[in-house]
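As a basis for the values below, the full set of heavy atoms in this structure was taken, side chains included, without hydrogen atoms, waters or symmetry mates. The sequence lines fix the lettering, A, B, ..., with proteins before strands; numbering per chain opens at 1.
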Protein chains: 2
Amino acid sequence: MFSQAMQDYLKAIYKLQEQGGAVSTSALAEAMGVAAASATGMVKKLAGLKLVRHHPYQGVVLSKAGEKMALEVIRHHRLLELYLAEALGYSWDKVHEEAERLEHVISEEFEEKIFEALGRPTRDPHGDPIPAKDGTLVVAEHDRLSDLEPGATGVIRQVSDSDAEVLRYLGIRGLVPDAAVEVLEKAPFNGPLTVKTGETSHVLGREVASHIRVEARAADDA
Amino acid sequence: MFSQAMQDYLKAIYKLQEQGGAVSTSALAEAMGVAAASATGMVKKLAGLKLVRHHPYQGVVLSKAGEKMALEVIRHHRLLELYLAEALGYSWDKVHEEAERLEHVISEEFEEKIFEALGRPTRDPHGDPIPAKDGTLVVAEHDRLSDLEPGATGVIRQVSDSDAEVLRYLGIRGLVPDAAVEVLEKAPFNGPLTVKTGETSHVLGREVASHIRVEARAADDA
DNA sequence: AGATTTGTTTAGGCAGTCCTAAAATAGCCG
DNA sequence: CGGCTATTTTAGGACTGCCTAAACAAATCT
């Protein structure tokens with residue numbers, strides 16, 4: 001009834017939605033690695049199934065049902081990643097690809113078994129929350145980058161700003177979801193922060209940094 | 001390049017071939033749960049890829065390459081069954097269905113990891129041999145039913161006879177691969193055997209019984 | 001505003017796998 | 001052998017998901 005392709009599209013829409021409201025078909029097409037027309041076609045199909053709401057030329061938004069389906073796939077994905085890493089000794093850079101294929105074919109029973117084998121975890125190897133079986137996702141209230149103290153390190157989870165210019169600026173600097181960051185310096189009051197990502201450091205206004213949600217790493221991490 | 005459907009067909013052909021020479025398209029269609037025309041179509045495609053040899057109206061036989069591919073899938077299947085049962089506590093009657101879906105999507109790395117985790121096994125939960133990675137299958141030299149002594153029990157693995165009539169006779173009596181049998185009596189010299197399968201017992205000529213390969217069960221089995 | 005650029009949708013096709021119906025072939029029986 | 005029946009193949013479609021090219025809409029620039 002619901003093809004694998006549909007699941008992939010729902011998941012992609014979910015992930016794009018996380019980083020900002022409605023999702024354009026071109027962004028979706030890019031995320032899926034297909035032509036824009038293909039994304040439009042699938043969006044229409046999903047809209048017909050009431051899994052998304054589509055306002056032509058305005059983007060697409062998951063419906064309640066669509067979000068639930070997306071979260072089921074994401075739960076599978078994250079549990080699999082964790083299982084591959086923990087139980088089978090996969091390195092972290094390889095779990096994603098394998099989980100990507102397995103997530104569509106495992107049964108509820110398989111999901112249940114690995115969930116139990118892992119001790120009913122709530123976070124995957126990347127620190128992302130694992131949606132619950134009923135489709136509930138405890139969205140971690142991540143710290144704002146502007147809240148971190150000098151010396152602290154973390155991983156960017158979400159970048160939201162109404163100004164596309166600012167987003168582009170941050171993107172060019174590598175301050176995008178999943179990037180690791182470290183706070184080098186922090187001026188007092190509402191002064192700027194100096195942060196490092198990859199090999200280079202950048203100075204950010206406090207206001208801008210407050211729009212970047214990060215997941216702080218424990219101090220004893222590598 | 002090689003679709004999942006093709007893998008399934010190759011596997012089905014392999015299994016049918018095990019039970020007797022060339023495979024008819026209708027037998028293949030039935031095994032795959034598709035219309036006869038669909039099987040013909042796929043067979044032509046596989047023949048084009050040199051994975052099978054097809055003589056119209058005469059059935060289909062795996063080529064060397066086709067057999068290797070079939071064995072790879074079967075290796076995946078059997079390793080998965082074993083892993084699901086051993087590592088995840090699946091009951092034996094559920095492993096097959098899950099393995100059926102997983103076998104097509106796991107990577108070589110996954111295969112390798114579970115192979116090692118299981119201690120490099122050579123038999124699956126049903127007692128079937130697991131093909132080696134290079135596509136070699138150590139075909140167990142099963143006992144002939146006619147060799148078993150009264151009281152012995154086993155599982156039929158292969159029934160081969162040039163006489164279709166005999167095969168049908170055996171089929172009607174439930175003496176088919178995977179059936180459990182027990183030898184009740186055995187006349188001396190080349191006299192007949194009385195064997196039981198399911199609830200009923202049958203008398204078989206020694207000659208016929210010698211064409212039935214069985215895997216003997218250890219005496220201490222249930 | 002008008003023109004250009006950018007983004008989105010429609011239209012028409014292609015490949016893969018399935019189907020049904022009809023034609024071709026093989027096997028069997030009188 | 002000739003004809004019946006069962007099996008197998010061919011022919012023609014349906015459906016999914018992808019593509020390119022062209023039409024359309026919105027945003028941007030002058």
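- One finds no side-chain N or O of A/K45 lying less than 4.0 angstrom from the OP1 or OP2 phosphate oxygen of D/dC15.
- A/H54 comes within 4.0 angstrom of sugar-phosphate atoms only, judged by non-hydrogen atoms across all strands, and of no base.
- Note on A/Y57: every side-chain N or O is 4.0 Å or more away from OP1 and OP2 of C/dT10.
- At a threshold of 4.0 angstrom between heavy atoms, the contacts of A/A35 include nucleobase atoms, whether or not backbone atoms are also involved.
- Of the possible donor and acceptor atoms, one in the side chain of B/S63 sits under 3.5 Å from a partner among the backbone N and O of B/K50.
- For B/R78 (side chain) and B/P131 (main-chain N/O), no donor-acceptor pair under 3.5 Å exists by modelled atom type.
- For residues 99-109 of chain B, every residue pair satisfying the salt bridge (Lys or Arg N to Asp or Glu O under 4.0 Å) rule, not counting sequence neighbours, is listed here: A/K94-B/E109, B/K11-B/E100, B/K11-B/E103, B/E98-B/R101, B/E108-B/K133, B/E109-B/K113.
- For B/V34, counting side-chain heavy atoms from C-beta on, the closest listed nucleotide (C/dC18, D/dC19, D/dT10) is C/dC18.
- B/Q7 and B/H104 share a donor-acceptor pair across their side chains, judged by distance under 3.5 Å alone.
- What separates CG of B/L49 from P of C/dG16 is a distance of 10 Å, to the nearest Å.
- With rounding to whole Å, B/K44 atom NZ is found 8 Å from D/dA11 atom P.
- Among the protein residues, B/T40 comes within range of the nucleic acid bases, having at least one heavy atom under 4.0 Å from a base atom.
- Residue A/A39 is classed as having no contact, given no heavy-atom separation below 4.0 Å to the nucleic acid.
- B/S26 comes within 4.0 angstrom of sugar-phosphate atoms only, judged by non-hydrogen atoms across all strands, and of no base.
- Summarising the geometry, the separation between CD on A/E30 and P on C/dG7 is reported as 11 Å, rounded to the nearest angstrom.
- Residue B/S38 places at least one side-chain N or O closer than 4.0 Å to OP1 or OP2 of C/dC19.
- Closest approach to the B/A5 side chain among C/dC19, D/dT20, C/dT17 is made by C/dT17 (side chain taken as heavy atoms from C-beta onward).
- Taking only side-chain atoms of A/M6, from C-beta outward, the nucleotide of C/dA21, D/dG17, C/dT9 with the closest atom is D/dG17.
- Taking 4.0 angstrom as the limit, A/Y9 places a side-chain polar atom (N or O) nearer than this to OP1 or OP2 of D/dC18.
- The shortest distance between the side-chain N/O atoms of B/S24 and the OP1/OP2 oxygens of D/dT7 is not below 4.0 Å.
- At C/dG7, none of the side-chain N or O atoms of A/T25 fall inside 4.0 Å of OP1 or OP2 (strictly under the cut-off).
- Counting to the nearest Å, the C1' atom of C/dG16 and the CE atom of B/M32 are 14 Å from each other.
- Across every non-hydrogen atom of B/Y14 and B/A70, the tightest pair is CB-CB, 3.8 Å.
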